[in-house]
Amino acid sequence: MQNLLSKEEMEAVINGDYSNIFAVLGIHKNKGSKEVFIRAYLPHSVSVEVLDGTGSSLGMMTKLDERGFYQIELGRTDDFDYKFRITNDKNYTYIAEDPYRFAPTLGDMDVYLLAEGSHLEMYKKLGAHIREMDGVKGVSFAVWAPNAKRVSVVGAFNNWDGRVNVMRKHPSCGVWDIFIPGIGEGELYKFEIKTQNNNIFLKSDPVAFYAEKRPHTASVVYDLNHYIWNDAEWMNYRSEYNSFDKPMAIYEVHLGSWRRKEGNEYLSYRELADHLIPYVTNMGFTHVEFLPVAEHPLDASWGYQVVGMFAPTSRFGTPDDFRYLIDKFHQAGIGVIMDWVPAHFPKDAHGLNEFDGTHLYEHADPRKGEHVDWGTKIYNYGRAEVSNYLCASALYWLKEYHIDGLRVDAVASMLYLDYSRKNGEWIPNQYGGNENIEAIAFLRRMNELAYSQADGAVTIAEESTAWPMVSRPTSMGGLGFGYKWNMGWMNDTLRYISHEPVHRKYHHGMLTFGLLYAFNENFILPISHDEVVHGKGSMLSKMPGDEWQKFANLRAYYGFMYTHPGKKLLFMGCDFGQDYEWNSEEGLRWFLLDYPMYKGLQNCVRDLNLMYKGNAPFYQQDFDYRGFEWIDHSNADDSVISYMRKGYNPGDYMIVICNFTPVVRRNYRIGVPEEIQYQEIFNSDDVNYWGSGVKNEGFLQAEEKECNYKPYSVSLTLPPLSTIVIKPVR
């Protein structure tokens, strides 16, 4: 028989060590006679018969090794379709296609772009995809593992045996691929990776669209082409929408603990659509923001330690169930923002850590590649393939899931090489500084791509330092984000409001300092999950005083927040004053709404959303100093501040007065710009909010009395611990 392998070569195939398996197995031409021969390696088989396309026998294959290595020489010169009739060691006979007769699933351009690290739709090539090749249905698999000795696809279809479906390597890009016929959607799989040191790892697919429900870790073949979207009206609206001068009131949600079913079970994506969407709509929020929904192994991480950058977590349902939830939000006119985590990834054995036996996705040096505080690995942003992997993930959520915004977590940890590190624990950049030049380049590219390829989508940075121009275009030297969380405002004002009212006059600057830099960035004011965990207590528990004063303080604070420059974000439970700090292991304490003080706070937040959305001065010039004017910022003794918010149109303004003491101040005079009537349109002390009901009835007539450097003024009654809003009557 011609074309026999040497014993050493055959041993390498059987051990899964042959460097170019497709050159050995499958159908090949005899160089001498031009006739074809077929080789196969089929462990646990007893005999193999070759059938042609009509099912006729072409003969039994010769078993060259008892472990399942076969060959047959055929007296024909053409390449042709064939199948195997296999009898296994359980005496079961079946017909199967030969995966090694199919061509590569990657085209030349795909290989080129993957090698260059610029394939922005790499998720359409890597991973698992249902397809048809040569009239045969099956699944194509591809994975980037350039330093592996061998990569195989394993699953129930091959008894999780890594010797059966060894993949083809494209040396120029380090990607391995194979088409496996006869399997389809729902199939569980992993990649078995044999390293150069002959260690064997089982890895989940980094580009899987779906994953087994934790604690299991296999990837799942899933077809993303089924779902039919019904949000065209929203997507068209979004593409023309400039969010900078529109209202943005975000409800931040952890899907696993917003509400639970009996038995403390999760609501599914579809059940959340039935309950969460009506709630968000009724409360008047414009957007919802999900804590990370990408697949993660540990519930306690809240989703911030991601192993599947392309897979919505299976905890709540399928990828199409998640699409359904987003679709329904859009049909209700609500935008959807998603927390996205490119800052780090966990060390779980099935994830990206040392993926092909080398530090492929992460830095090898722990001084650059490890977050000691979090026990996680840091992406190597300087590697083109890694940066492209993350950029492709961002675009994937914006395009394939119609996500309206990505809130990028822990940006500060990406920007600084010495983030949370002592001297000697970090490596300076090439210029001797602490800036992570590669991470900066990645963030700029990601933002440029998001804004150029997903019309109307936004990006938001959680960046806790004074890094300049986070939310400025890259053309100006900025990072290119649309928005930045204002952590300074949040920290200062929460410290202020937690003081007893009698002491607040000594901390008045905390209340006003934020206006010194309010227009340096496009800020979102975040009262997020981070403020109600880790022993920080609930928002309500931060407030001083007795029960009535706690609620009054919180209502006044929210009134200040909603009228302050910047978009708004409020974490779930804060909207009705949850009494305990957030516990991700159980649902919110919805029964509290049976009590009037909690229901009153919820009414207040709803009305704040409606007032905010209904009055352009509160949002049109959020990021322009012309949209804000102090009336009086210096009355520390009374702990009262007053200011104007202005819209585009002259004369379109609102006046806000905050009284942060439990004292009713009657005949309190403030300066106003016109000698006209004003009317109170919001009062956080309203009885409907469980307030005391002190208010300004009817119209307030301005008088020609100078006050606060203005020619006219009005006399008001300031309720205790309150924020009130008055507007000119035209």
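Side chains are part of it too, since the values below use all heavy atoms of this structure and drop only hydrogens, waters and symmetry mates.
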Determine, step by step, whether Asp339 and Tyr304 satisfy the side chain to side chain contact (heavy atoms under 4.5 Å, CB included) criterion, reporting the C-alpha distance in whole Å, the side-chain angles of both residues, the deciding distance to 0.1 Å, and the verdict. CA-CA 8 Å; Asp339 277 17; Tyr304 287 99; 2.5 Å; yes
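- The CG atom of Leu114 sits 10.5 Å away from atom CH2 of Trp144, with the distance rounded to the nearest 0.5 Å.
- In terms of modelled atom types and a separation under 3.5 Å, the side chain of Glu362 and the main chain of Gly369 share no donor-acceptor contact.
- Residues Gln453 and Leu395 come closest through the heavy atom pair OE1-CD1, 3.8 Å.
- In terms of the side-chain contact (heavy atoms from CB on, under 4.5 Å) criterion, residue partners of Asp161 (sequence neighbours excluded) are, by chain and number, Pro43, His44, Arg163, Val164.
- The closest side-chain donor-acceptor pair between Ser393 and Trp340 falls under 3.5 angstrom.
- Of the possible donor and acceptor atoms, one in the side chain of Arg150 sits under 3.5 Å from a partner among the backbone N and O of Gly162.
- The side chain to side chain donor-acceptor pair (under 3.5 Å) search around His350 returns none, not counting sequence neighbours.
- Between Tyr189 and Phe191, the ring planes are perpendicular. Angles over 60° get that label, and only those under 30° would be called parallel.
- For Asp52 and Thr54, the side-chain atoms include at least one donor-acceptor pair closer than 3.5 Å.
- Residues Arg39 and Phe69 are in side-chain contact: their nearest non-hydrogen atoms beyond the backbone lie under 4.5 Å apart.
- Qualifying salt bridge (Lys or Arg N to Asp or Glu O under 4.0 Å) partners for Arg131, counting only residues two or more places apart in sequence or in other chains: none.
- Within 6.0 Å of atom NZ in Lys137, 12 or fewer heavy atoms from other residues, nucleotides or ligands are found, so the atom counts as exposed in its surroundings.
- Here the side chain of Thr105 pairs no donor or acceptor atom with the backbone of Ser140 at under 3.5 angstrom.
- Not counting sequence neighbours, the partners of Ser239 by the side-chain contact (heavy atoms from CB on, under 4.5 Å) test are Asp455.
- Between Phe316 and Tyr269, the angle of the ring planes goes over 60°, which puts this pair in the perpendicular group of the 30/60° scheme.
- Judged by the 6.0 Å and 45° rule, Arg315 forms no cation-pi pair with Tyr266.
- In this structure, the side chain of Ser452 engages the main chain of Glu448 through a donor-acceptor pair within 3.5 Å.
- Considering only heavy atoms from C-beta on, Leu272 stays 4.5 Å or farther from Phe290 through its side chain.
- A 4.5 Å side-chain heavy-atom check between Arg168 and Phe102 finds every atom pair outside the cut-off.
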Stepwise salt bridge (Lys or Arg N to Asp or Glu O under 4.0 Å) check, Glu370 with Lys347: CA-CA 10 Å; Glu370 189 162 341; Lys347 298 178 182 178; 2.6 Å; yes
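- Residues Ser219 and Asp205 have side chains that never bring a donor and an acceptor to within less than 3.5 angstrom of each other.
- A side-chain donor-acceptor contact under 3.5 Å links Ser314 to the backbone of Ala211.
- The closest donor-acceptor contact from the side chain of Lys203 to the backbone of Asn353 lies under 3.5 Å.
- Side-chain atoms of His296 come within 3.5 Å of backbone N or O of Ala294 as a donor-acceptor pair.
- Under a cut-off of 6.0 angstrom, the local environment of CG in Asp108 is sparse, with at most 12 non-hydrogen atoms contributed by other residues, nucleotides or ligands.
- In this view, Leu202 and Val154, Lys190, Glu192 satisfy the side-chain contact (heavy atoms from CB on, under 4.5 Å) rule, not counting sequence neighbours.
- At least one side-chain heavy atom of Thr93 sits under 4.5 Å from a side-chain heavy atom of Arg85.
- Between Arg383 and Glu438 no salt bridge is recorded (no basic side-chain N to carboxylate O distance below 4.0 Å).
- Ring centers of Tyr361 and Tyr389: under 6.0 Å apart, within the cut-off.
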Show your working on salt bridge (Lys or Arg N to Asp or Glu O under 4.0 Å) between Arg214 and Glu295 and close with a plain yes or no. CA-CA 9 Å; Arg214 53 94 178 93; Glu295 195 56 77; over 6 Å; no
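- Under a 3.5 Å cut-off, the side chain of Ser45 and the backbone N or O of Ile86 do not form any donor-acceptor pair.
- Atom CG of Asn91 has 12 or fewer neighbouring heavy atoms from other residues, nucleotides or ligands inside a 6.0 Å radius.
- Residue Ala332 comes nearest to Ile277 through the heavy atom pair CB-CG2, 3.7 Å, listed as atom of the first residue, atom of the second, then distance.
- More than 12 heavy atoms of other residues, nucleotides or ligands sit less than 6.0 Å from atom NZ of Lys169.
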Go through it in stages, so that I can follow the logic: the residues are Lys125 and Asp177, the test is salt bridge (Lys or Arg N to Asp or Glu O under 4.0 Å), and I'd like the CA-CA distance, side-chain angles, deciding distance and then a yes or no. CA-CA 10 Å; Lys125 302 300 177 181; Asp177 80 330; over 6 Å; no
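- Listed by first then second residue, pairs satisfying ring pair (Phe, Tyr, Trp, His ring centres under 6.0 Å) with a partner in residues 193-225 read His129-Phe209, Phe209-Tyr396, Tyr210-Tyr222, not counting sequence neighbours.
- Nearest heavy atom pair, residue Asp409 against residue Met414, reads O-SD, 4.4 Å.
- Taking a cutoff of 4.0 Å between a charged side-chain nitrogen and a carboxylate oxygen, Arg101 and Asp81 qualify as a salt bridge.
- With hydrogens and angles ignored, the 3.5 Å screen pairs no side-chain donor or acceptor of Gln305 with any backbone N or O of Pro297.
- No more than 12 heavy-atom neighbours from other residues, nucleotides or ligands sit within 6.0 angstrom of CD on Glu233.
- Side-chain contact, Asp231 with His402: a donor N or O sits under 3.5 Å from an acceptor N or O.
- In the displayed structure, Tyr112 atom OH is contacted under 6.0 Å by at most 12 heavy atoms of other residues, nucleotides or ligands.
- Here the side chain of Lys377 pairs no donor or acceptor atom with the backbone of Glu354 at under 3.5 angstrom.
- Minimum heavy-atom separation, Asn88 to Lys90: OD1-N, 2.9 Å.
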